[in-house]
Number of protein chains: 2
Amino acid sequence: MAEQFKGFRRGPRRVSTEQDIVEAALSLLDEGGVTAASIRGIAARIGVAPNAVYTYFPDKAAVVKATVEHLFGQVDHAAFADPEIPWRRRIELIAIELRERLKAHPGAVGLMIGGPMDGPRALALNERLMEVLASAGLSPTDAAKAAYLLVVYVFGSIALDVADLGDIRQAPPEAERIKARQAGFSSITAETYPLSASTAEVMARYVSTEQYLWGLHRVLDGLTHPLPQKPDSATAAAAT
Amino acid sequence: MAEQFKGFRRGPRRVSTEQDIVEAALSLLDEGGVTAASIRGIAARIGVAPNAVYTYFPDKAAVVKATVEHLFGQVDHAAFADPEIPWRRRIELIAIELRERLKAHPGAVGLMIGGPMDGPRALALNERLMEVLASAGLSPTDAAKAAYLLVVYVFGSIALDVADLGDIRQAPPEAERIKARQAGFSSITAETYPLSASTAEVMARYVSTEQYLWGLHRVLDGLTHPLPQKPDSATAAAAT
DNA sequence: ACACGATTTGTACACCGTACAAATTTGGTC
DNA sequence: GACCAAATTTGTACGGTGTACAAATCGTGT
């Protein structure tokens, strides 16, 4: 222990640390989106030259990675550990917590989807999920697969929620938008597709927490009560 | 009709069209990832000055949008329309088709997650899905919600599949990687989290089509056979 | 007081998206 | 065939990005 700590932090540490950088990145992300979270912007916010960041992080990717990890660290695991709460409710609570935590930083969500979710805290979340599912009676293998499925649902849902689904949410396609689109790439979107109005409505409506939880429970239903599989349809296709 | 077509295409159309641009963008995306698909790169591939692209597209975002739409256009809808095939198998077929089509262009997947999926072809896909679910006996409202859930699962699954999950897949964290990480952002990842080896194993294994379909069918199970809801847990939380 | 090492900074390079005006090519009209 | 107008391409340029390199600065142990 004493030997481990021998090499003390030296040098002119004035303002910046890893924490400062990550926090600056997060705040910039919230204010101005992904584009605002630049190395130069981060450095300017801390009051430091851009290159100073490279003392603590080798890459910008590393900064992003650390920021994502920082977000995962804010997720409260308390509900997971409480054995008083029934397991389904526990998962529901953590799904809500995760969603609210991530939706607080929409810019960051775009960063982790397709990005680095392999940090220790992100994996720890998956680990806890598996434990809960195992305690619900699932076999270790099924619990692992189920945990992955749940993660997919939660993140996929949040991603599509936060995503820029264009102007579907805000307004029906007016003539102006159509004109602009046709001017932009006419030959590609020249064909017409039958589109009912309900599609846009549903996508606009699904952002609610209520429907998020509805989907979550349908997934849980399928996990805990899988239907007996007929050998002719799904299994046959999967075996190839 | 005749009046509509009066303004004929004039001018020196030598090499570039919307199609050429999109195809160049896609090929560059496949070869070098997102960073390679730059306006300058696309223009260079067609043998044109970078600015020439802006004749056909107002933005780079428009190019991305068109590329994503182009991908959706490659998805074969045939299985959807065939009433001979049982509906569950139809959904399975389209899920496989979509997955294979998207996995052929991993770089593009990162583009659409959190990106523009509001094109006519993307919406048409959702529309067909709703039709199949409705024909399976679901009410229009439930069909709409179920379609959204399925889209979330399919895209979330593919996204996590294609995503750079770090080195989890490839190798266990060796001392070298740990050292590099600690050198990069020591104070943040200094804490240790309990991590079982199975987490990494499961994530590494789940890329298989078999498990992708397993999850799909569990979701379908939950959709077609939702458990009777107890008023104390989920519904109470959702009502708030 | 001195030196060492960690940290910060200045400068610079290659790349990005894209705005603007000038040049080029084409089709239709006289 | 000459001309015009419109569509397309290009040259140049600006501000932005990530980041490599060497020089300068500062805190700390001896």
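Everything quoted here is computed from the prediction, not taken from an experiment. The analysis underlying the following values was restricted to heavy atoms, covering all of them including side chains, and did not include hydrogens, waters or symmetry mates. Naming convention: chains lettered A, B, ... in sequence-line order (proteins, then strands); numbering from 1 in each chain.
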> List in numerical order all residues of residues 27-38 of chain B for which some heavy atom is under 4.0 Å away from an atom belonging to DNA chain C.
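Within residues 27-38 of chain B, the residues near DNA chain C are B:Ser38.
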
> May I have the distance from B:Lys60 (atom NZ) to C:dT18 (atom P), rounded to whole angstrom?
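Taking atom P of C:dT18 as the reference, NZ of B:Lys60 is at 8 Å.
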
> State the CD1-CG distance between A:Ile158 and A:Leu102, to the nearest 0.5 angstrom.
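The CG atom of A:Leu102 is 4.5 Å from CD1 of A:Ile158, to the nearest 0.5 Å.
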
> Holding to salt bridge (Lys or Arg N to Asp or Glu O under 4.0 Å), I want the full list of residues that pass it with A:Glu31, two or more places apart in sequence or in another chain.
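By the salt bridge (Lys or Arg N to Asp or Glu O under 4.0 Å) rule, A:Glu31 matches A:Arg45.
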
> List, one per line, each side-chain donor-acceptor pair under 3.5 Å for residues 35-42 of chain A, sequence neighbours excluded.
residue: A:Ser38; atom: OG; partner: A:Gly41; partner atom: N; Å: 3.0

> Would you sort out whether B:Asp30 and B:Ser27 count as a side chain to side chain donor-acceptor pair (under 3.5 Å), showing the intermediate values?
CA-CA 5 Å; B:Asp30 293 342; B:Ser27 67; over 6 Å; no

> Who passes side-chain contact (heavy atoms from CB on, under 4.5 Å) against B:Asp59, sequence neighbours left out?
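Scan of B:Asp59 (side-chain contact (heavy atoms from CB on, under 4.5 Å), adjacent residues dropped) gives B:Ala61, B:Ala62.
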
> How many whole angstroms separate atom CD of B:Glu18 from atom P of D:dT9?
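Between P of D:dT9 and CD of B:Glu18: 10 Å.
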
> Output the rounded distance in Å from CZ (B:Phe57) to P (C:dT18).
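Atom-to-atom, B:Phe57 to C:dT18, this comes out as 13 Å.
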
> Taking A:Leu98 as the fixed residue, which of A:Asp76, A:Leu93, A:Val154 is the one that meets the side chain to side chain contact (heavy atoms under 4.5 Å, CB included) rule?
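Among the candidates, only A:Val154 passes.
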
> If I take atom CD1 in residue A:Ile21 and atom P in nucleotide C:dT8, what distance separates them, rounded to the nearest angstrom?
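In whole Å, C:dT8 P and A:Ile21 CD1 are 8 Å from each other.
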
> Without decimals, in angstroms, what is the distance between A:Tyr54 OH and D:dC21 P?
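Spelled out: OH on A:Tyr54 to P on D:dC21 is 13 Å.
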
> Could you please spell out the steps behind the side chain to side chain contact (heavy atoms under 4.5 Å, CB included) verdict for B:Val34 and B:Leu111?
CA-CA 8 Å; B:Val34 239; B:Leu111 280 189; 3.5 Å; yes

> Listed by chain and number, what are the salt bridge (Lys or Arg N to Asp or Glu O under 4.0 Å) partners of A:Glu23, not counting sequence neighbours?
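Here no residue qualifies.
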
> Counting only side-chain heavy atoms from C-beta out, which of C:dT8, C:dT18, D:dG18 sits nearest to B:Ile39?
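For the B:Ile39 side chain, the nearest candidate turns out to be C:dT18.
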
> Take atom CD1 of A:Ile42 and atom P of D:dG16, then tell me their distance rounded to the nearest Å.
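Answer to the nearest Å: 16 Å.
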
> Atom pairs, N/O to N/O, protein against nucleotides 11-15 of chain D, distance under 3.5 Å?
residue: D:dG11; atom: N7; partner: B:Asn51; partner atom: ND2; Å: 3.4
residue: D:dG11; atom: O6; partner: B:Asn51; partner atom: ND2; Å: 2.2
residue: D:dT12; atom: O4; partner: B:Asn51; partner atom: ND2; Å: 3.3

